[in-house]
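Whatever order the structure lists them in is the order used to number ligands and atoms, beginning at 1.
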Amino acid sequence: MKKYKEVSIDSTTQQMYERAREMGIETVWERLEKQQPQCGYGLLGVCCRNCMMGPCRINPFGGEPRRGVCGADADTIVARNLLRMIAAGAAAHSDHGRHVALTLLIAAEMAEKFKKEGKPVLELDNMASSTLPYQVRDVEKLKAVAERLGIETEGKTIRELAKEVAEVALHDFGKQDEEALAFLKAYLNPKTYEVFEKAAEKAGMPWFENGILPRGIDREIVESLHRTHIGTDHDPVSILLHGLKTSLGDAWGGSLIATELQDILFGTPQVIKAEANLGVLKEDYVNIVVHGHEPVLSEKIVEAAQDPELIELAQKLGAKGINVVGMCCTGLEVLMRHGIPIAGNFLQQEMAIVTGAVEAMVVDVQCIMPATVDVARCFHTKIIDTSPLATFPGAIHIKFDERRADEIAKEIVKTAVENFPNRSKQRVEIPKEKMAGYVGFSVEAILKHFGGSLKPLEEAIVEGKIKGVAGLVGCNNPKIKQDHNHIKIANELMKRDVLLIGTGCWATAAMKYGIFLPEYADTENVGPGLREFAKEWGIPPALNMGSCVDCTRMLVLADLIARDLNVPISALPVVGSAPEAMTEKAVSIGTYFVASGITTHLGIIPPVLGGPKVVKILTQDLYDIVGAAFIVEPDPYKAAKLMYDHIMKKRKELGI
Ligand code: SF4
Ligand code: MSK
């Protein structure tokens, strides 16, 4: 068993981990320990289960067997496995995006139907009617997205525009022509577009029509499965090129659609102060943790928790009120838009339950451990699963339907409230620590803050006050002490005057340690140039840009800078990092960062080391193909140095 200080640098996690051990509750760290030693073939990526002649394993030391039963060698197997990881990650993000597009469409169609039924026309045309489960909260953004997509906006109602935008988005999922995605074409600067177009030719594979430009979001994911079927694609170069293409379908397709359409439906984030860490749970309140990824659900839970009848019920049952807090990315969505506090990142999901103070953990999709149900059994906590595509044995199933969103959200909140009397007061222990921070740095909020353009930021970069920008993303992974690498890399980069932007569990980690407070710029962890810039503009030295799908906000920001400088994204002094990566989605994000021209560091070694050609392509050859590549370095200090060196190299190339 691990000592509490070994599992996390977060004192709240340490406290709850100790508590779980005292209570004999198994957590992620014990389960990881029971898995030791983990399979060496799996870690190197040289195990294949793609057909029933296998499973096959390649001897990583050069002896026999050198090939699988079909003849596939280590590089083919490693590349295929990696492509399947990218495809799964892209599928998760993109299915999320599809869900949001369908929600926008459903809302627009309901408005049309209600209008025909004689309900107030103006409200419905503006999609502002409270009879609709989902409204258009950001009309300006809807118009801006429509204009980018080339949709005529003059003389159209909001309802008509919403419908058209949703239809263009949905078309990008299933279209069958060879053209690049409509969203990609609408958002990407021509110089980067050209890089995508020519990438395959540069890699010696001119038969890739239109290079690595994704044609259909679903199509690239399906093709990934096809290519990796036994007896299909065996060249690591073509397999990985398709990996880039699939990930770009995620970046400039599925994830981008998720972010942009969520902003339309729920509002574009603006700068707001909020709090993070387990200390946001309240002893006297009904605590509801929303966990997962899709704000289509969590937005409605936040609304339902404000229902006077439900608050009254909570009070009748002895609570002071209802406290909704977030976990993982759905938490970040409501944090960014409403300042709803976030209780923690990936490795704190079990810890939140161990407080004994959670009435319900309401889950949707992705990054939710099935073990939450087992931990919840030790307390009164109810796990409520809500997505038709994610069912947890032992949980309560209240499946969500957008058409009846309000009714279902109220049912979920009521279930939580009615569980309050089952809480055992003696078994409650909520860690005290929480930290404030400023969040809500959407691209629009950043532009607004800088007076309508990115010039101040660009000038600071050119002057050298800021050396460059690093996009930090991704998960926790119990193989690394929770948050340790997130914070070390962040500090090492900020010390070198690198401005940070970030999302996902990295962003929650950063917030927990005060990095999103403007006064953090006064600490020794921030260099003089970045300090001066942050103080001049009244911003923290690191900006929270949202959830995992909001990594696209970082791409859009990089793209705007690239446009202003008339260069492809790959020319910018910009780097990415996923210090504690865990999910297949993180693999897709890392790949699309690189494919888009942003050299990206991974702090966890992905299962590729068994394929020397694959390693060379990923860490070297991609520089010639897309102008960026992967840096793999588990040591956070060395990693930060390598990332900084890359930024300085790019500065030199730009002549600044
Ligand atoms: Fe083995 Fe080839 Fe089948 Fe993979 S595809 S399991 S390497 S025979
Ligand atoms: S929640 S993908 S653990 S960042 Fe998006 Fe966190 Fe990684 Fe899930």
If you have a sec, work out which protein heavy atom is nearest atom 8 (Fe) of ligand 2 and how many Å separate them, to one decimal? C367 SG, 2.2 Å

Under 4.0 Å from a heavy atom of C328: which atoms of ligand 2 are those, numbered in the order shown and with their elements? 1 (S)

Taking 2.8 Å as the cut-off, does C56 contribute an N, O or S atom near atom 1 (Fe) of ligand 1, distance below it? yes

K245 charged N/C atom sitting above Y592 aromatic ring, 6.0 Å / 45°: no

Nearest protein heavy-atom contact for atom 1 (S) of ligand 2: which residue, which atom, what distance? H293 NE2, 3.3 Å

Under 4.0 Å from a heavy atom of C48: which atoms of ligand 1 are those, numbered in the order shown and with their elements? 4 (Fe), 5 (S), 6 (S), 7 (S)

among protein heavy atoms, the one nearest atom 3 (Fe) of ligand 1 is C51 SG, 2.3 Å

Name the closest protein heavy atom to atom 3 (S) of ligand 2, giving the residue it belongs to and the distance to 0.1 Å. C475 CB, 3.3 Å

Using a strict cut-off of 4.0 Å, indicate which atoms of ligand 1 neighbour a heavy atom of C70. 2 (Fe), 5 (S), 7 (S), 8 (S)

D235 with R227: basic N within carboxylate O range, under 4.0 Å: no

Short list, please: which atoms of ligand 2 are under 4.0 Å from a heavy atom of T583? 2 (S)

Cation-pi geometry met for R57 and Y41 (6.0 Å, 45°): yes

F183 and W252 aromatic centres sub-6.0 Å: no

State whether D483 and K512 are salt-bridged, where the test is any N-O pair (Lys NZ or Arg NE/NH1/NH2 against Asp/Glu carboxylate O) under 4.0 Å. yes

For ligand 2, which atoms have a heavy atom of M582 less than 4.0 angstrom away? 3 (S)

G54 neighbourhood, listing ligand 1 atoms whose heavy-atom distance to it stays under 4.0 Å: 6 (S)

Test side chain to side chain contact (heavy atoms under 4.5 Å, CB included) applied to M361 and V375, I384, V289, the passing residue: V289

Contact check, N345 vs ligand 2, heavy-atom distance below 4.0 Å: no

Would you call D263 and R337 a salt bridge, using N to O less than 4.0 angstrom? yes

Within reach of ligand 2, part of Q366 (heavy-atom separation under 4.0 Å): neither

Flag if over 12 foreign heavy atoms under 6.0 Å of NE2, H397: yes

Check if R80 has a non-hydrogen atom at a distance under 4.0 Å from any atom of ligand 1. yes

Heavy-atom gap G474 to ligand 2 smaller than 4.0 Å: yes

Looking only at protein heavy atoms, which one is nearest to atom 6 (Fe) of ligand 2, and what is the separation? C505 SG, 2.2 Å

Can you sort out which atoms of ligand 2 are near C548, meaning under 4.0 Å from one of its heavy atoms? 2 (S), 4 (S), 5 (Fe)

side-chain contact (heavy atoms from CB on, under 4.5 Å) evaluation trace for M336 with F441: CA-CA 8 Å; M336 290 281 284; F441 288 92; 5.6 Å; no

